[in-house]
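The structure under discussion appears below in the form of structure tokens.
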Amino acid sequence: MESTHALENIRMLLVEDEAYFRSTLKKRLERRGITLFEAADGEAGLAALTEHPVDIVITDMKMPGMDGLTFLKRVKADYPEIEVILLTGHASTTDGVAGIKAGAFDYLTKPVEFDHLMSKVGQAYDLILRRQAQRREAELHERMERQMALTERLAALGTLATGVAHEINNPLAIIRESAGWMETILKKPELADMPRKTDFEKGLDKIEKAVERARRITHQLLEFVRKPDKKAAETDLKALIEESAHLIHREAANKGVDIVEELDENVGTIMSDPYQLRQVLLNLITNAVHATEKSGRITLGLENAPGESVRIRVSDTGSGIAPENLEKIFEPFFTTKSPGKGTGLGLFVTRGIVEQLGGTIEVESTLNAGTTFTVTLPRSIIPREASAEAPRKQRPGIFQKITQALSKETQHHDQDSDPHTRRGR
């Protein structure tokens with residue numbers, strides 16, 4: 001039975017040393033709409049495969065030089081997805097069986113009945129399509145499993161955030177107040193000559209920095225899970241980008257990093273939330289400054305995009321992001337910064353804001369060359385619904401894992417920076 005799929009989609013290589021037979025078969029196959037390449041022997045066939053990707057190879061078993069079985073083994077070793085149909089003489093069925101064992105799809109004896117050949121071609125092509133569909137299905141299943149795991153983590157994080165704010169911020173306030181009270185006492189004249197007074201002051205300074213770090217983490221968590229006000233206003237993106245760049249200009253200048261603006265004057269205004277967009281810009285530009293070394297450059301771009309959208313780019317010439325980390329950088333608590341230098345929530349919050357405003361954020365990066373974040377926004381705000389509601393009962397271990405991650409973040413405030421860290425996000 002011939003394949004139900006269009007034959008013009010098939011790309012085929014015919015390897016046959018008999019020129020007349022090859023020419024005749026080539027004409028008949030091309031009349032069926034097949035894209036055909038041809039070769040007179042095995043070596044020429046291998047050379048053709050390097051230039052022309054094909055789905056199916058038809059090859060004679062008896063050829064001068066490299067025989068068909070050797071050619072088959074070479075093809076299956078280098079191109080395992082290609083299906084090979086063998087042509088053998090009446091007395092060479094044993095060669096055909098050997099070919100099947102070596103990975104051939106099937107074999108036909110000469111003289112070849114053309115309809116029989118086309119039936120085998122169709123069957124081979126159907127097998128190729130089924131394998132491709134199975135791979136796509138497996139890839140989709142894997143992506144869905146990853147997305148479900150991430151959704152579960154985000155749902156648990158949303159449930160946890162409010163509790164974290166109340167349960168942690170209250171004792172943090174007491175610790176900060178107590179540290180301030182102790183600082184006041186240490187400044188009294190009667191304690192001017194107190195032994196190891198400097199050590200006590202350093203200890204209090206570390207306490208205050210740790211409290212501020214913990215407060216910053218809870219603040220970022222609440223910023224992500226709080227309901228947006230949905231108050232859109234006419235927003236001048238060009239002015240907003242210039243303002244954000246100005247706020248970070250001093251930090252960039254201190255590092256010797258140039259900020260270049262490539263802003264299209266014709267973008268005009270959009271209806272969005274300027275306050276949340278300012279946070280997105282500050283997060284992305286600050287990350288770019290941290291990732292870029294002296295004499296580096298950060299480029300801020302703004303342009304119109306298809307479909308009533310606008311596009312913002314933040315590019316740097318920094319150290320780049322490792323390929324294995326590209327899919328992780330938007331996850332909560334993931335950071336490549338050294339301990340004490342980042343919460344791992346900046347990009348997590350950034351993506352949340354962008355999606356709440358109806359936009360998308362993408363990243364491209366090359367190690368030792370730089371990174372580009374691209375934010376695409378609609379000209380009029382289109383808030384997205386939450387991808388999933390927080391379940392009433394979480395699977396065992398989710399709450400504990402996020403709590404441990406949060407706890408771990410607050411424990412490393414006094415560790416030295418790692419000079420080998422490749423990129424801070």
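Quick caveat, the model's predicted, so the values are computed rather than measured.
- Salt-bridge formation is detected for the pair E243/R278: a Lys NZ or Arg NE/NH1/NH2 atom is positioned less than 4.0 Å from an Asp or Glu carboxylate oxygen.
- Nearest approach of V54 to M12, heavy atoms of both residues: CG1-C, 4.0 Å.
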(message) Checking L284 against I361 for the side chain to side chain contact (heavy atoms under 4.5 Å, CB included) test, could you report, in this order, the C-alpha distance in whole Å, the side-chain angles of both residues, the deciding distance, and whether it holds?
(response) CA-CA 11 Å; L284 293 179; I361 181 168; 4.3 Å; yes

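- Salt bridge status for K255 with E293: absent, with no side-chain N to carboxylate O gap under 4.0 Å.
- If you take CD1 on I128 and CD on Q123, they are separated by 12.5 Å, rounding to the nearest 0.5 Å.
- Taking 4.0 Å as the cut-off between side-chain N and carboxylate O, E81 and R135 count as a salt-bridged pair.
- Taken from CD1 in I34 to OH in Y125, the straight-line distance is 10.0 Å, to the nearest 0.5 Å.
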(message) Test side chain to side chain contact (heavy atoms under 4.5 Å, CB included) on L13 and H52; report intermediate values, then the result.
(response) CA-CA 9 Å; L13 172 65; H52 309 292; over 6 Å; no

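- For the pair Q279 and V349, the minimum side-chain heavy-atom distance is below 4.5 Å.
- The main-chain N or O of N283 is never found under 3.5 Å from a side-chain atom of T286 such that the two would form a donor-acceptor pair.
- Between D258 and R297 no salt bridge is recorded (no basic side-chain N to carboxylate O distance below 4.0 Å).
- The line from CD of Q276 to CG of L281 is 12.0 Å long, rounded to the nearest 0.5 Å.
- Annotation: side chain of F37 is in contact with side chain of R11 (closest heavy-atom distance under 4.5 Å).
- Using a distance-only test at 3.5 Å, with no hydrogens or angles considered, no donor-acceptor pair links the side chain of S23 to the main chain of F21.
- Residues V289 and I298 are in side-chain contact: their nearest non-hydrogen atoms beyond the backbone lie under 4.5 Å apart.
- Side-chain contact between R136 and Q132: present, with at least one pair of heavy atoms (C-beta onward) separated by less than 4.5 Å.
- For S272 against L357, the heavy-atom pair with the smallest separation is OG-CD1, 3.8 Å.
- The side chain to side chain donor-acceptor pair (under 3.5 Å) test with E30 singles out one residue from R32, K26, R28, and that residue is K26.
- The nearest pair of heavy atoms linking A245 to E261 is CB-OE2, 3.7 Å.
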(message) If you apply the rule side chain to side chain contact (heavy atoms under 4.5 Å, CB included), what do you find for D78 with L49, and how did you get there?
(response) CA-CA 10 Å; D78 295 337; L49 289 177; over 6 Å; no

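- With respect to the salt-bridge test (charged N to carboxylate O, under 4.0 angstrom), the residues E16 and K110 qualify.
- Residues L25 and L36 fail the side-chain proximity criterion, which asks for heavy atoms closer than 4.5 Å.
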(message) Before you tell me yes or no, could you show the steps for L247 and I285 under side chain to side chain contact (heavy atoms under 4.5 Å, CB included), namely the whole-Å CA-CA distance, both residues' side-chain angles and the distance that decides it to 0.1 Å?
(response) CA-CA 10 Å; L247 291 173; I285 301 172; over 6 Å; no

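- For the pair K120 and Y107, the NZ or CZ position fails the cation-pi test of under 6.0 Å to the six-membered ring centre and within 45 degrees of the ring normal.
- Residues L237 and V310 form a side-chain contact, since some pair of their non-hydrogen atoms from C-beta on lies under 4.5 Å apart.
- A pairwise comparison of heavy atoms in P274 and T235 identifies CD-OG1, 3.6 Å as the closest pair.
- Atom CD of E331 and atom CG of N325 lie 10.0 Å apart (nearest 0.5 Å).
- To the nearest 0.5 Å, the span separating NE2 on H290 from CG on N287 amounts to 7.5 Å.
- In this structure, the side chains of N304 and V267 come closer than 4.5 Å at one or more pairs of heavy atoms.
- Using a cut-off of 4.0 Å between Lys/Arg side-chain N and Asp/Glu carboxylate O, D205 and K209 are scored as salt-bridged.
- Heavy atoms from other residues, nucleotides or ligands lying under 6.0 Å from OH of Y275 number 12 at most.
- Applying the 6.0 Å contact sphere to NZ of K73 captures no more than 12 heavy atoms from other residues, nucleotides or ligands.
- Closest approach of E208 and A179 over heavy atoms only: CG-CB, 4.2 Å.
- A donor-acceptor pair under 3.5 Å links the side-chain atoms of D316 to the main chain of T371, judged by distance alone.
- Classification of K238 and E242 as a salt-bridged pair holds, one side-chain N sitting under 4.0 Å from a carboxylate O.
- Below 30°, between 30° and 60°, or above 60°: for F373 and F330 the angle between ring planes is above 60°, a perpendicular geometry.
- For E364, the side chain to side chain donor-acceptor pair (under 3.5 Å) test picks out no residue, with sequence neighbours left out.
- Shown are I58, L87, I85; of these, the side-chain contact (heavy atoms from CB on, under 4.5 Å) with V112 is made only by L87.
- Smallest separation of non-hydrogen atoms from P323 and L367: CD-CD1, 4.2 Å.
- Of the candidates V375, V280, D273, V280 is the only one forming a side-chain contact (heavy atoms from CB on, under 4.5 Å) with I353.
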(request) Could you give me the CA-CA distance, side-chain angles and deciding distance for T372 and S315, then say whether side chain to side chain donor-acceptor pair (under 3.5 Å) is met? (result) CA-CA 4 Å; T372 297; S315 301; 2.9 Å; yes

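- Looking at T292, its side chain does come within 3.5 Å of a backbone N or O of A288 through a donor-acceptor pair.
- Here CG of D60 is found 11.5 Å from CG of D41. Values are rounded to the nearest 0.5 Å.
- With T59 contributing its side chain and V84 its backbone, the two residues share no donor-acceptor pair below 3.5 Å.
- Counting only heavy atoms from C-beta outward, the side chains of L69 and L86 never approach each other to under 4.5 Å.
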(request) Please test E234 against T269 for side chain to side chain donor-acceptor pair (under 3.5 Å), starting from the C-alpha separation and ending with a verdict. (result) CA-CA 6 Å; E234 190 172 4; T269 61; 3.0 Å; yes

